[in-house]
Number of protein chains: 2
Amino acid sequence: MNNVGDFLKTNGIKPSYQRIKIYEYLMQNKEHPTVDSIYNALNGQIPTLSKTTVYNTLKIFIDKGIAMAITIDDNEVRYDAWMDIHGHFKCTHCQQVTDFSVDFDGIVGEELLDFDVLERQLFLYGVCKKCKEES
Amino acid sequence: MNNVGDFLKTNGIKPSYQRIKIYEYLMQNKEHPTVDSIYNALNGQIPTLSKTTVYNTLKIFIDKGIAMAITIDDNEVRYDAWMDIHGHFKCTHCQQVTDFSVDFDGIVGEELLDFDVLERQLFLYGVCKKCKEES
DNA sequence: GATTAGTTTGTAATCATTACAAACTGATAA
DNA sequence: TTATCAGTTTGTAATGATTACAAACTAATC
Ligand SMILES: [Mn+2]
Ligand SMILES: [Mn+2]
Ligand SMILES: [Zn+2]
Ligand SMILES: [Zn+2]
């Protein structure tokens, strides 16, 4: 992607300064940031930024299908602009969320044969490699 | 299970009236109720019941491993006393959450080889059979 | 009956999210 | 240019689920 503004435009989103910065932030910070961390990170560059704008913008991104919400924990919604199919692992020790590849073929039982499945989320929890080695 | 009180005891939980009723409710109502729906359903039988007790009790159940929280949606935590491995499908039309069987073998990529995976949650979203037929 | 630990309850506090309306911006047209 | 207007951003207030906390209660033990 050479131009974030064009990318937003082709997805039906008017590329305002704030929207471009928020999308760029998601692309460059793949640790699945929260609204709060996005706001705090961008508040330096955009001193007038409102947290409401961050909420609004992420909602637009999700509606237009260029980002997703990751509710891997009940007290923090995280956001991800990497839209390829992948799963998320959350380390209960260091709280980090790690991406991993997933093959959904054959995973689902027959109970859902007549269901339309439009979205999938696989969340794993445990202790990451780094935390295991440190203890 | 013939005696809920004994079951709670063997899991290190003192079987108070409220705890027994809440656990029985989870067993008999497998639609993954929220704190609110559990509270409202039991308030008739237990007029003095406090919502805080429902929160406290569910927390104990989860700590002791006899129930789990299902955060399939970011604005409502649901609870499940069926602890066998299974996935959850949420219909975005009627909001119902349906259980389905899952085979996790071979689903996870190599990225997590050195990770300790202790818990898994597979959430699917879409339109259920009933809603599909009705439209 | 007194003591005590554990449980329940009601209220207040917290905090993420949403609602809302005013202010602002940038494009379009007179 | 100036006026208009839709869309965007902002700050503040409201909402609502969850948590914190302390008093009241319960049931077992001494
Ligand atoms: Mn991711
Ligand atoms: Mn279930
Ligand atoms: Zn870790
Ligand atoms: Zn449905």
Side-chain angles (χ1 to χ4, degrees), chain A residues 4-6 8-25 32-64 66-79 95 97, chain B residues 4-6 8-25 32-64 66-79 95 97:
Chain A
V4 172
D6 289 347
L8 294 180
K9 254 188 248 172
T10 62
N11 283 280
I13 301 167
K14 202 169 169 182
S16 72
Y17 182 67
Q18 288 87 341
R19 290 169 179 176
I20 289 171
K21 287 295 173 189
I22 291 171
Y23 190 78
E24 282 177 350
Y25 186 82
H32 311 91
T34 62
V35 163
D36 219 57
S37 58
I38 296 168
Y39 172 77
N40 288 323
L42 294 179
N43 205 22
Q45 301 177 55
I46 319 172
T48 64
L49 184 65
S50 160
K51 206 173 275 187
T52 302
T53 299
V54 180
Y55 277 106
N56 290 342
T57 302
L58 291 169
K59 193 184 216 321
I60 292 170
F61 289 174
I62 290 169
D63 288 347
K64 299 295 185 181
I66 66 168
M68 60 171 144
I70 308 288
T71 59
I72 198 169
D73 208 319
D74 50 354
N75 61 340
E76 53 173 18
V77 179
R78 291 160 170 264
Y79 295 87
Q95 315 299 321
V97 174
Chain B
V4 171
D6 289 347
L8 295 180
K9 254 188 248 173
T10 62
N11 282 281
I13 301 168
K14 201 169 168 182
S16 73
Y17 182 67
Q18 288 85 344
R19 288 169 182 177
I20 289 172
K21 286 295 174 190
I22 291 171
Y23 189 76
E24 281 178 351
Y25 186 83
H32 312 91
T34 62
V35 163
D36 220 58
S37 56
I38 296 169
Y39 171 77
N40 288 323
L42 294 180
N43 205 21
Q45 301 177 56
I46 319 172
T48 64
L49 183 64
S50 161
K51 208 174 274 188
T52 303
T53 299
V54 180
Y55 277 106
N56 289 341
T57 302
L58 290 168
K59 194 186 215 323
I60 291 171
F61 289 174
I62 290 168
D63 289 346
K64 299 295 186 180
I66 65 167
M68 61 172 143
I70 308 288
T71 60
I72 198 168
D73 208 319
D74 49 354
N75 60 341
E76 54 173 17
V77 179
R78 290 160 171 263
Y79 295 88
Q95 316 299 318
V97 174

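Quick note on labels: first sequence line is chain A, next is B, and so on, each numbered from 1.
Using a 4.0 Å heavy-atom distance criterion, A/T48 is classed as a sugar-phosphate-only contact.
The interatomic distance linking B/K9 (NZ) with C/dG6 (P) rounds to 17 Å, in whole Å. Counting to the nearest Å, the P atom of C/dG6 and the CD1 atom of B/I13 are 15 Å from each other. Taking atom CD of B/Q18 as the reference point, atom P of C/dG6 lies 17 Å away to the nearest angstrom. Protein atom CG of A/L58 is 15 Å distant from nucleotide atom C1' of D/dT8, rounded to whole Å. Summarising the geometry, the separation between OH on B/Y17 and C1' on D/dC25 is reported as 17 Å, rounded to the nearest angstrom. If you take CG of A/L49 and C1' of C/dA23, they are 16 Å apart, rounded to a whole angstrom. Separating the NZ atom of A/K21 from the P atom of D/dT8 is a distance of 19 Å, rounded to the nearest angstrom. Rounded to an integer number of Å, the gap from B/Y23 OH to C/dT7 P is 18 Å.
In terms of heavy-atom proximity, A/K51 sits nearest to A/D36 at NZ-OD1, 2.6 Å. Of all the heavy atoms in A/Y25 and A/S37, the pair that sits closest is OH-O, 4.1 Å. When every heavy atom of B/G12 is checked against every heavy atom of B/K64, the shortest pair comes out as O-CE, 3.7 Å. Minimum heavy-atom separation, A/A69 to A/V77: CB-CG1, 3.9 Å.
For the side-chain contact (heavy atoms from CB on, under 4.5 Å) criterion with B/I22, the lone passing option out of B/Y17, B/F61, B/Y79, B/Y39 is B/F61.
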Which protein N or O atoms sit under 3.5 Å from an N or O of nucleotides 14-18 of chain C?
| residue | atom | partner | partner atom | Å |
| --- | --- | --- | --- | --- |
| C/dT17 | OP2 | A/Y55 | OH | 2.6 |
| C/dT17 | O5' | A/Y55 | OH | 3.3 |

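The shortest distance between the side-chain N/O atoms of A/T53 and the OP1/OP2 oxygens of D/dT8 is not below 4.0 Å.
Heavy-atom nearest nucleotides on DNA chain C were determined for B/Y39 and for B/R19, and the one closer to the 5' end corresponds to B/R19. Nearest-nucleotide assignment on DNA chain D puts the 5′-proximal partner with B/N56, out of B/K14 and B/N56.
Not a single donor-acceptor pair under 3.5 Å links the side chain of B/T57 to the backbone N or O of B/V54.
Residue pairs satisfying the salt bridge (Lys or Arg N to Asp or Glu O under 4.0 Å) criterion with at least one member in residues 67-77 of chain B, sequence neighbours excluded, are listed as follows: B/D73-B/K90, B/E76-B/R78, B/E76-B/K90.
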